[in-house]
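Worksheet for the structure shown next.
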Amino acid sequence: MCGIVGAIAERNVSAILLEGLKRLEYRGYDSAGIAVYTQQQQLQRVRRTGKVAELAQALQTEPLNGQIGIAHTRWATHGVPSEANAHPHFSSTELAVVHNGIIENYQELRSELQAQGYVFTSQTDTETIVHLLHHLQKTQHDLLDALRIAVTQLHGAYGLALISAKQPDRIFAARSGSPLVIGLGIGENFLASDPLALRQVTDRFIYLEEGDIAVIERDKLQIWDEQNKPVQRDAVQYLDQAESAEKGSYRHFMLKEIYEQPQAVQRTLEDRLAADHVLPAAFGPDASTLFAKVKKIQIVACGTSYHAGMVARYWLEGLTNTPCQVEVASEFRYRHVAVQPDTLFVTISQSGETADTLAALRHRQDNAYLASLTICNVGTSSLVRESDLALLTRAGPEIGVASTKAFSTQLVGLLLLTLAIGRARHTLAPAQEREIVDALRTLSAKLNDALAISATIEAKAQLFAEKNHALFLGRGEQFPVALEGALKLKEISYIHAEAYPAGELKHGPLALVDSDMPVVTVAPNNALLEKLKSNLQEVSARGGQLLVFADREAHLSEDEQTQVVNMPSIHPVLAPILYTIPLQLLSYYVAVLKGTDVDQPRNLAKSVTVE
Ligand code: G6P
């Protein structure tokens, strides 16, 4: 959860770098630093733990003046948050590097470099990169060749920027699994992990692609692809500020946030995936060892986040054979829980400040749990600060009270947790792990496909505008998706909505079904589809109106009582994430038809910090 900024200009770059860091702060940080090749013709750095404001203050007393520099906000993975672990890292006073991501084989590299006489001053994986480059440079023509060799030796994920006191007219950059974007100026150029960091200096960007290496000069830019072939990458003009707290061209924040999901999900995955597995260090430095000890998982959350936890239970038990319990925090916090040995305590929260969830974390029978982990969207929140391990969901600011992109990114985070647990416990077959990792890489595109059917869903919203009740059905991991769909509808349109596991229909709710009770069903083609079809027959036979979301492989046909919306096909494990989208859109369009206050529904709050 780190941020990179770099700049080369004719003017002093310190202020540009600092402003860039401030703009990246929302992603979470625990320390920050900046290195500049100064007018005294040496590499100098200032680093501080805490907020970027601390760094800014330090720069008041120790100003760095120079025309080339790199900067970083850090979210600790390897090594505690401290000044020594903060980036930029140096090799002698010659090279400085900033890095996002995780280097998995850093221990081996570190030992080899120590044997060569390199002295490490931090516990980070990043410091191995800079010493490795320094070492390789001795036998190579120049730093670019050293970098080309270094990237073949780094396993894991990285986005990195490098400057050298010997070549103070260029920034070197490399990307693999962690994004980097070059900002184009006139007679000056920039680099960042997120274009947001550079919006104050440019609106033209070139996104580096996987495996790219770049050399950025003041008035020249060279990029080489994975095969070391020189390439031209197209520049894009940044039109809209996706992450700003403004609606832009959208009528409501909720709609904007629904549409941000493909990018949000992509960000949640960034620098957390190796070729065929999830990088466990994404959860914290000791996660790998700790996950191997996990025998059980207890998830605690509220509202939408609780529904995400319910989906995760199907994944954790179904894919990794790890027993998992999920409970709403307001109940959990007040009851005696019989804790099994080696249980991992997991909280899920958008805000990280929800009173009940926080109380559950604080009041849990402390020593009874192996460790605490939070899946959270706010890096500076209490839940993140007070948990042993954390995975930030990177949804960006969510303004609409009804949670949308926070939910889908929580699901992605929980699937990453599932895969990491399965790997550490050796309960997930490597082939299946690889298959899911591959599918995750296409998830963002699939979500775009689902968003493309928005007009069809808008038309279906008419079915609900005059109704007072609705029923949502799903089976298996689609049951929590149905619960979340019902919650969205009731939150913003005030229509009474209930969700049931479809098999429970005949045990009560079927009595409510008539032509005034629309029944929404999520029906991807999975092992439970045939069972679900029988449940749908039960509804039709009672005159109920069905709206079914299904892929073509489900072979569901329309009739007078049944309307089918075709969904893109998707790997079954990822289906809960995809099928959430049409239910969000449906509730949104129903609320618009009803003229309710979509973004601030009555009686509800975005963050419930009181009991
Ligand atoms: C409130 C919000 C919900 C959210 C819940 C839990 O009820 O309106 O959207 O799901 O709190 O919040 P958290 O921030 O812990 O996810």
Side-chain angles (χ1 to χ4, degrees), residues 26 28 245 252-258 260-261 264 268 298-312 326-333 345-364 372-387 390-414 417 480-494 497 499 576-577 580 583-584 587-588 591 596-611:
Y26 80 96
H252 295 101
F253 280 111
M254 182 179 175
L255 188 63
K256 172 175 175 269
E257 288 159 9
I258 290 173
E260 280 173 0
Q261 290 177 108
T268 308
Q298 172 71 60
I299 298 179
V300 176
C302 299
T304 290
S305 301
Y306 168 66
H307 293 154
M310 287 181 74
V311 175
V326 191
E327 191 164 351
V328 286
S330 53
E331 284 300 311
F332 180 90
R333 64 181 287 194
F345 184 84
V346 176
T347 56
I348 309 167
S349 175
Q350 188 287 125
S351 62
E353 303 294 348
T354 301
D356 284 324
T357 313
L358 201 50
L361 174 70
R362 287 176 180 163
H363 303 156
R364 72 195 188 281
S372 58
L373 181 153
T374 189
I375 307 271
C376 187
N377 192 36
V378 181
T380 49
S381 65
S382 307
L383 272 181
V384 172
R385 279 186 274 117
E386 295 179 30
S387 299
L391 183 91
L392 297 188
T393 45
R394 303 176 183 165
E398 192 181 62
I399 312 291
V401 165
S403 189
T404 52
K405 60 177 179 170
F407 180 67
S408 44
T409 52
Q410 283 168 348
L411 290 178
V412 171
L414 288 160
L417 177 66
V481 172
L483 277 171
E484 177 58 12
L487 177 65
K488 287 288 87 87
L489 190 68
K490 72 181 106 167
E491 276 180 316
I492 59 169
S493 73
Y494 316 144
I577 311 175
T580 295
L583 301 192
Q584 294 169 343
S587 63
Y588 172 77
T596 55
D597 188 343
V598 172
D599 285 332
Q600 287 175 312
R602 68 185 184 201
N603 308 339
L604 298 177
K606 181 74 192 155
S607 181
V608 185
T609 53
V610 290
E611 192 177 349

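Remember, it's 1-based here, ligands and their atoms both numbered in the order they're listed.
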No-hydrogen, no-angle side-chain donor-acceptor test under 3.5 Å, Gln410 and Ser305: yes
Numbering as shown, the atoms of ligand 1 that approach Thr304 to under 4.0 Å (heavy-atom distance): 10 (O)
Ring-ring centroid check Tyr306 Phe332, cutoff 6.0 Å: no
Protein heavy-atom partner closest to atom 7 (O) of ligand 1 - residue, atom, separation in Å: Val608 CG2, 3.9 Å
Atom indices of ligand 1 within 4.0 angstrom of Ser305 heavy atoms, with elements: 10 (O), 13 (P), 16 (O)
Ser349: numbered ligand 1 atoms lying under 4.0 Å from its heavy atoms: 13 (P), 14 (O), 15 (O), 16 (O)
Donor-acceptor side-chain pairing of Thr393 and Thr268 below 3.5 angstrom: no
Closest contact, heavy atoms only, Gln584 versus Met254: O-CE, 3.9 Å
For atom 5 (C) of ligand 1, the protein heavy atom that lies nearest, with its residue and separation: Cys302 O, 4.0 Å
Nearest-neighbour protein heavy atom for atom 8 (O) of ligand 1, which is reported as residue plus atom name and distance: Ala605 O, 2.9 Å
Residue Val401 vicinity, atoms of ligand 1 by number, heavy atom under 4.0 Å: 8 (O), 9 (O)
Any Glu398 side-chain heavy atom under 4.5 Å of Thr404 side chain: yes
Modelled atom types, side-chain donor and acceptor of Gln350 and Ser403, under 3.5 Å: no
Geometric N/O contact Thr354 with ligand 1, under 3.5 angstrom: yes
